[in-house]
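Index from 1, following the sequence. Because the structure is a prediction, the values reported are computed rather than measured.
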Amino acid sequence: MKLLFELSGEHPDLPVAELECVGTVLDRRTQVAIAECPDPGAVGRLALTHVVMEYLGECEPSKEGLTGLLRDLAIRTEKPFAGRVKLIQGARMDLARLEVEKLIGGLVAGPVSLRDPVEEYRAVVSDDRCYFGRVIARIDRGGFEFRNPMRRPFFHPGVMMPRMGRALVNISLVRPGELIFDPFCGTGGILLEAREIGVRVLGSDFDPAMVAGYRQNLPGSDVMIADATAVPICDGALDSVVTDLPYGQSVRIHGESMDRLYDGSLAEIRRILKPGRRAVVVTHRDIAPIAARHFTILQEHEQRVHRSLTRRILVLG
C-alpha cells in the first residue's frame, strides 16, 4: 500500500531513514515522504512520524492544482469527514490554510463534520508539492513521554530519550520476534523501546551498577555483566545491534583508551552479528575510520543535542 507520511521536523534525515523499517521510500520533501508499505499496520512502531495517510495523489501547490486533483479523485464517503491542511515551513502555496480546508470540504462528496469527524482528508504542502491523503494513523507521542527516563525505577543522567532510542531501533531494521543486543546497555533505554515493539532483547554492560539498574527498568529481560570487546555470544547469533558507545571520563570502561575500546567493541559486534544485518552505533565524535575497518558504512547522521554535545550516528552493515 502506498502511504504518505507527515514527518517530525526534529532532524532532516532520521525520520526518512526510520521509514525503511516499514517500507520502501519512493519520494520525499521537507517533513514529507511517500513509501510503499506491505504492512500498513506496522507504522505504529515509528517514532519520528506525526501522521500516516493513505496516499491519494499530489499536485502543484495551487488552487488550480488541488481543485483538479480533487475533481479527478472524485472522492465519495458516507462517513462524517473533515478536511485539514498542513503547511510545512517554506511551502509555496497560494492559498491560506482555511481556504484549502474549505476547498477539500467542498470537493469531497460527503457529510462534513469539523467537530467529530470519522474520516480526515489531509493536504500536506511541502516545498513545491501538495500531497493529499486519507489519515489512517497518528503516532502516539504521549507514550514516549510516559517512558521518560525520569519516570523509570532507576535513573542515570545522560541517557537517550525514548523517541530517539526507538528511531535507532527502527533504523536497525530489526523485526518483532528477532533478537537485538546492546553491549553498552546502561539503564536499558534503547532495549526498552525495542521490547515495546515485540523484539527480543539482550543487554550487557561492564558496570555492575548499570546492570542492576537495567534489571529494575526491564525486569525479566536478559542482561549480563560483560566486556564489550569479548562478549560470551556465539558468532552470527544476533539480528541487530544498537548501542550508544561510552564517552567521557565519568563512564566506567574496560580498555586502555577510548579508541581501543571502540575498535575492540566494533570488531566484536561484527563477529556476533548475522551476515547482512545492521548495527547502529552512536558516539560523540567521528569514529568512521575505526568503523570502516569492520563494516561498510551505510549511513552517517549528526544530531546536535546541546552546545557541547553532537550525537554522531553510524548505520553499519
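Here the straight-line distance linking atom CG of Leu46 with atom CG of Leu48 works out to 8.0 Å at 0.5 Å rounding. A distance of 13.5 Å separates CZ of Arg122 from CD1 of Ile136, quoted to the nearest 0.5 Å. Between atom CE of residue Met93 and atom CG of residue Leu87 there is a gap of 7.0 Å, rounded to the nearest 0.5 Å. The CG atom of Leu238 lies 8.5 Å from the OG atom of Ser240; values are rounded to the nearest 0.5 Å. Rounding to the nearest 0.5 Å gives a distance of 9.0 Å between SG of Cys185 and CE of Met224. Here the CD atom belonging to Glu193 is positioned 5.5 Å from the CZ atom belonging to Phe144, to the nearest 0.5 angstrom.
Within the 3.5 Å criterion, the main-chain N or O of His284 finds a donor-acceptor partner in the side chain of Arg312. With hydrogens and angles ignored, the 3.5 Å screen pairs no side-chain donor or acceptor of Asp205 with any backbone N or O of Val211. Using a distance-only test at 3.5 Å, with no hydrogens or angles considered, a donor-acceptor pair links the side chain of Tyr262 to the main chain of Pro246. A donor-acceptor pair is defined here as one N or O able to donate and one able to accept, closer than 3.5 Å; such a pair exists between the side chain of Arg147 and the backbone of Gly143. In terms of modelled atom types and a separation under 3.5 Å, the side chain of Ser126 and the main chain of Thr30 share a donor-acceptor contact. For the pair His11 (side chain) and Glu302 (backbone), a donor-acceptor distance under 3.5 Å is present. Formation of a donor-acceptor pair under 3.5 Å by the Asn217 side chain with backbone atoms of Thr187 is found in this model. In terms of modelled atom types and a separation under 3.5 Å, the side chain of Asn170 and the main chain of Arg45 share a donor-acceptor contact.
The shortest side-chain heavy-atom distance between Ile75 and Phe81 does not fall under the 4.5 Å cut-off. Residues Leu314 and Phe295 have side chains not in contact (no heavy-atom distance under 4.5 Å, counting atoms from C-beta outward). For the pair Glu145 and Arg163, the minimum side-chain heavy-atom distance is below 4.5 Å. The side-chain heavy atoms of Leu179 and Phe181, taken from C-beta on, include no pair separated by under 4.5 Å. Contact annotation: the side chain of Tyr214 approaches that of Leu191 to within less than 4.5 Å [non-hydrogen atoms, C-beta and beyond]. Arg28 is not listed as a side-chain neighbour of Leu7, based on a closest heavy-atom distance of 4.5 Å or more. Within the 4.5 Å cutoff, side-chain heavy atoms of Glu54 are placed close to those of Met1. Between Leu73 and Leu69, some side-chain heavy-atom pair lies under the 4.5 Å cut-off.
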Exercise for review: For Glu36 and Leu26, run side-chain contact (heavy atoms from CB on, under 4.5 Å): C-alpha distance rounded to whole Å, both residues' side-chain angles, the deciding distance at 0.1 Å, then the answer.
Suggested key: CA-CA 7 Å; Glu36 186 66 41; Leu26 306 175; 4.2 Å; yes
Check your understanding: Would Asp27 and Arg29 count as a salt bridge (charged side-chain N to carboxylate O under 4.0 Å, His left out) if you check the C-alpha gap in whole Å, the side-chain angles of each, and the deciding distance to 0.1 Å?
Key -> CA-CA 7 Å; Asp27 189 22; Arg29 293 289 193 283; 3.3 Å; yes
Practice item. Test salt bridge (charged side-chain N to carboxylate O under 4.0 Å, His left out) on Glu268 and Arg271 and set out the steps. Key: CA-CA 5 Å; Glu268 193 70 341; Arg271 179 185 68 79; 2.8 Å; yes
Check your understanding: Can you list the steps and then say if Asp227 with Thr229 is a side chain to side chain donor-acceptor pair (under 3.5 Å)?
Key -> CA-CA 5 Å; Asp227 179 349; Thr229 66; 2.8 Å; yes
Check your understanding: Does the pair Met160 and Val282 meet the rule for a side-chain contact (heavy atoms from CB on, under 4.5 Å), with working shown?
Key -> CA-CA 10 Å; Met160 188 175 294; Val282 182; 4.3 Å; yes
Check your understanding: Would Arg84 and Glu6 satisfy salt bridge (charged side-chain N to carboxylate O under 4.0 Å, His left out), going step by step from the backbone distance to the final call?
Key -> CA-CA 13 Å; Arg84 305 294 189 199; Glu6 184 182 315; over 6 Å; no
Point to revise | Arg200 vs Asp222, side-chain contact (heavy atoms from CB on, under 4.5 Å): CA-CA, chis, key distance, verdict | key: CA-CA 9 Å; Arg200 295 184 296 123; Asp222 293 330; over 6 Å; no
Exercise for review: Let me see the working for Asp94 and Ser62 under side chain to side chain donor-acceptor pair (under 3.5 Å), right down to the final yes or no.
Suggested key: CA-CA 5 Å; Asp94 63 0; Ser62 66; 4.9 Å; no
Point to revise | side-chain contact (heavy atoms from CB on, under 4.5 Å) between Leu3 and Val22, intermediate numbers included | key: CA-CA 10 Å; Leu3 299 182; Val22 296; over 6 Å; no
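Val223 and Val174 fall within a single hydrophobic cluster, where Ile, Leu, Val, Met, Phe, Trp and Tyr are joined by side-chain heavy atoms under 4.5 Å apart, directly or via other members. Met53 and Val118 sit in two unconnected hydrophobic clusters of ILVMFWY residues. Membership requires side-chain heavy atoms under 4.5 Å apart, directly or through other members. Cluster membership for Val112 and Leu103, using ILVMFWY side-chain heavy atoms within less than 4.5 angstrom, is shared. The hydrophobic cluster containing Leu245 does not contain Leu168, counting ILVMFWY residues as joined when their side-chain heavy atoms lie under 4.5 angstrom apart, directly or transitively. Following chains of ILVMFWY side-chain contacts shorter than 4.5 Å, one can reach Leu273 starting from Val281, so the two form part of one hydrophobic cluster.
A side-chain contact (heavy atoms from CB on, under 4.5 Å) with Leu202 holds for exactly one of Val241, Val231, Ile233; it is Ile233. Of the candidates Arg134, Arg138, Lys86, Glu120 forms a salt bridge (charged side-chain N to carboxylate O under 4.0 Å, His left out) with just one, namely Arg138.
Listed here is the closest heavy atom pair of Phe206 and Ile225: O-CG2, 4.0 Å. Here the shortest heavy-atom pairing between His50 and Ser8 reads NE2-CA, 3.6 Å. Closest of all the heavy-atom pairs between Gly44 and Arg166 is O-NH1, 4.2 Å. Heavy-atom minimum distance, Gly165 versus Ile190: CA-CG1, 4.5 Å. The shortest heavy-atom contact between Arg92 and Pro61 is O-CG, 2.9 Å. Among all heavy-atom pairs drawn from Val32 and Val124, the shortest one is CG2-CG1, 3.4 Å.
Residues forming a side-chain contact (heavy atoms from CB on, under 4.5 Å) with Arg278 (at least two apart in sequence, or on another chain): Glu20, Ile171, Leu173, Leu298, Gln299, Val315. In this structure, the side-chain contact (heavy atoms from CB on, under 4.5 Å) partners of Ala123, at least two apart in sequence or on a different chain, are Val85, Val100, Ile104, Cys130, Phe132.
With a 6.0 Å radius and a threshold of 12 heavy atoms from other residues, nucleotides or ligands, Glu60 has its CD atom at or below the threshold.
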